[in-house]
Amino acid sequence: MIREVLGPGGLVASALPGYESRPGQLAMAERIAEALKRDDRLLVEAGTGTGKTLAYLVPALLSGRKVVISTGTKTLQDQIATVDLPRLQQILTGVLSPALGFESGRDDAGNAPPPPFTWAVMKGLGNYVCLRRLGEQQRQLSLTPTPELDRILAFAGESATGDRADLLDLPDDAPLWREIAATPETRIGPRCAYFERCFVTGMRRRAAEAQLVVVNHHLFFADLALRSQWPEAQVLPPYEVVIFDEAHQIEEIATEFFGLHVSTQRLFALARDVGRAARLPAQRAHSAATRLQGAAAALADALRDRLPAPRPGTDEVRVPMPDDLWTGVPLRRYHELDTILEEVGAWLAFDGEAVRDANSDGNQAPEIAGLGRRANALRAELGGLVDVANREHVRWIAGTPRNVSLHTSPIDVGPALARAFDLCPGPIIFTSATLSVAGSFSYLRERLGLQDAASEATYPSPFRYHQQALLYVAADLPEPNDERFPLAAAERAGALCQIAGGRALLLFTSFRNLRVAEAYLRATLPFPLLVQGERPRHRLLAELRARVGSVLLATQSFWEGVDVPGDALSLVVMDRIPFAVPDDPLTAARISHIRAQGGDPFGGFQLPRAALSLKQGFGRLIRSHADTGVVALLDGRIARRPYGATLYASLPRDCPRTESLDDVALFFARSVRPAAPAPAAAVEPA
């Protein structure tokens with residue numbers, strides 16, 4: 001059946017103009033089908049262009065089992081739900097309808113065939129409009145309506161899902177969204193007056209009924225973390241199969257959910273919601289909110305006084321919690337906050353004084369009780385963060401001018417993941433374009449707690465890197481830790497952009513190096529310059545695609561998930577080998593943990609992690625069979641250090657390499673189409 005769908009001349013090839021059957025895709029789909037049949041765990045690396053999405057969707061759907069697809073990004077989640085699955089539904093109707101008695105498109109009674117499968121999308125609650133909170137905002141702003149509120153009201157009245165992804169004209173940083181989005185703390189269940197119309201209720205009901213549920217890793221691991229503590233609790237509906245796409249992101253995302261996190265933003269949000277609760281006595285609610293906000297701010301100020309200055313070019317500092325942090329002023333401020341949280345939690349507890357004072361009609365009581373649970377949960381988590389950490393976790397603190405957050409994170413999340421995966425009842429598929437390092441899956445196996453509990457398969461990219469790409473290494477630049485490097489790298493990036501005619505994505509490992517390059521390139525390049533932070537990510541990428549010849553400067557979040565096929569991107573420049581910052585609290589703790597166990601932190605952790613990131617950055621260039629271009633690495637250590645062999649072996653082996661700018665110019669002259677002039681106003685200005 002899989003060959004009939006994905007093979008040469010198959011249904012997909014017939015239905016999609018220009019589609020060509022890919023041997024790697026077909027082989028991958030058949031291997032996944034075998035794993036599903038045998039209830040195996042399988043690691044599958046599928047090179048860029050393999051077509052891995054269809055390679056796992058087709059066997060998943062043909063299995064007839066309840067399947068969860070978990071993606072690393074909401075972008076891929078939306079693509080699967082809005083592009084890939086609708087196409088497959090139409091295509092597979094032709095396969096499955098005859099088996100159901102619909103030989104000619106209708107059965108003997110003239111009925112149209114049912115859809116061959118159903119699917120649903122689940123995202124975190126913050127992606128959905130909360131109708132109750134929206135109503136509260138409407139009442140509060142009734143005398144001063146705003147265009148943003150009017151747009152959201154119209155959207156909520158028309159949308160079937162309430163998913164923010166469909167609200168295209170709302171800015172990413174719109175403050176109003178925080179006021180009207182659903183949250184775990186404000187969701188009050190069946191006794192809410194809006195429960196039956198609630199977008200979250202609808203999402204969960206659709207997911208319960210669908211054969212295939214598309215989630216993201218954040219939601220999946222929120223569910224696993226919840227069930228690891230309370231087996232009867234769950235976010236996702238029961239399922240039989242899990243398929244992780246972008247599986248290389250699992251470790252970092254899972255780490256967030258197997259620790260504790262408290263921030264001043266969470267505390268301020270609780271204070272805000274207490275102060276706005278409509279049925280609470282106004283004076284007492286205002287007093288509680290003011291005291292809570294003041295105590296949270298006082299603790300944040302006391303903690304900032306103990307933090308070092310942030311690195312140049314950024315306003316954030318992340319450090320391990322000092323051993324003496326909880327002494328003196330910070331300890332007093334913590335006790336003051338703890339006392340207020342205890343008082344607020346007791347006052348707002350269900351059947352407590354707040355509910356009686358509110359003279360609730362039954363609909364408001366759950367909301368008030370929910371506020372009490374939030375206060376008690378914050379108090380418990382904060383207490384856990386202040387207590388002495390155990391050996392398996394690292395406590396750390398992050399501070400910005402607007403927020404201070406306290407964290408405790410597992411140093412090695414592998415054991416927790418191993419236990420969590422054992423809760424999954426059936427086969428588990430892990431796939432990505434970047435799972436192996438120099439051909440080995442050992443690093444990911446260890447970090448994900450899989451050890452020998454999974455089979456593995458590799459399907460190389462079908463792209464002809466020996467013809468389509470060139471890797472340039474700037475071996476003559478100063479060492480990356482040399483103070484001359486940032487400017488020298490900026491100058492070399494500028495020379496490469498001149499050769500390429502713009503059309504470039506410049507990836508930096510630090511904001512400091514990005515700022516140096518930005519200043520230099522603004523003064524020297526004739527091309528439109530786009531810089532991360534100037535506008536939302538999707539707007540920057542839209543302009544890079546539309547204004548051919550543009551140059552985009554970005555940091556870590558753009559090293560993966562960027563898909564710009566065609567003439568708009570012909571040059572990817574990476575300033576340094578993307579080694580994790582060694583004094584980052586979590587990275588430093590992991591290095592120490594590996595060393596204490598007698599392991600090699602560099603060879604067993606830092607190097608393979610950098611290799612996967614380098615592989616991701618390289619993958620931004622060639623996105624189709626027609627693409628050509630150059631990947632440039634301005635860090636000459638790859639050519640001078642012994643570990644460079646591992647990094648080279650993790651990149652496409654048939655890609656030619658050079659250390660000569662003349663070779664780069666010759667490659668562009670011979671193999672890359674010249675850039676058309678960039679239009680003056682191709683996209684709406686920010």
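Sequential numbering from 1 along the given sequence is applied to the chain's residues.
When atom types are taken as modelled, the side chain of Gln468 and the backbone of Ser624 share a donor-acceptor pair closer than 3.5 angstrom. Judged purely by atom type and a 3.5 angstrom limit, Gln77 has no side-chain atom pairing as donor or acceptor with the backbone of Thr73.
Using modelled atom types and a 3.5 Å distance limit, the side chains of Asp163 and Asn127 yield no donor-acceptor pair.
Judged by a 6.0 Å distance limit and a 45° cone about the ring axis, Arg609 is not positioned over the six-membered ring of Phe579. A cation-pi arrangement is absent between Arg620 and Trp559 under the rule of less than 6.0 angstrom and at most 45 degrees off the ring axis.
Atom CZ of Arg641 has more than 12 neighbouring heavy atoms from other residues, nucleotides or ligands inside a 6.0 Å radius. No more than 12 heavy atoms of other residues, nucleotides or ligands lie within 6.0 Å of CZ in Arg3, so this atom counts as exposed by the packing criterion. Within a 6.0 Å radius of CD in Glu316, other residues, nucleotides and ligands contribute more than 12 heavy atoms.
Atoms CH2 and CG, from Trp119 and Asp84 in turn, are 10.0 Å apart once rounded to the nearest 0.5 Å. The structure places NE2 of His248 at 8.5 Å from CG of Leu435, a figure rounded to the nearest 0.5 Å. Here CG of Leu496 is found 12.0 Å from CD of Glu491. Values are rounded to the nearest 0.5 Å. For the atom pair CD1 (Ile499) and CZ (Arg503), the distance works out to 12.0 Å, reported to the nearest 0.5 Å.
For the residue pair Leu569 and Val564, the shortest heavy atom distance occurs at CB-O, 3.6 Å. In terms of heavy-atom proximity, Ala504 sits nearest to Leu544 at O-CD1, 3.9 Å.
A heavy-atom distance below 4.5 Å is found between the side chains of Lys123 and Asp78.
A salt bridge links Glu518 to Arg522: one of the charged nitrogens lies within less than 4.0 Å of a carboxylate oxygen. Look at Arg492 and Asp476 and you find a salt bridge, because one of the NZ, NE, NH1 or NH2 atoms lies within 4.0 Å of a carboxylate O, short of that distance. Taking the charged nitrogens against the carboxylate oxygens, Glu45 and Lys52 have no contact shorter than 4.0 Å, which rules out a salt bridge. The pair Glu148-Arg178 fails the salt-bridge criterion, with no side-chain N (NZ, NE, NH1 or NH2) lying under 4.0 Å from an Asp/Glu carboxylate O. With salt bridges taken as basic N to acidic carboxylate O contacts below 4.0 Å, one links Arg590 and Glu252.
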Residues 659-671, side-chain donor-acceptor partners within the protein, below 3.5 Å, at least two apart:
residue	atom	partner	partner atom	Å
Ser660	OG	Asp662	N	3.1
Ser660	OG	Asp663	N	3.3
Asp663	OD2	Thr658	OG1	2.6

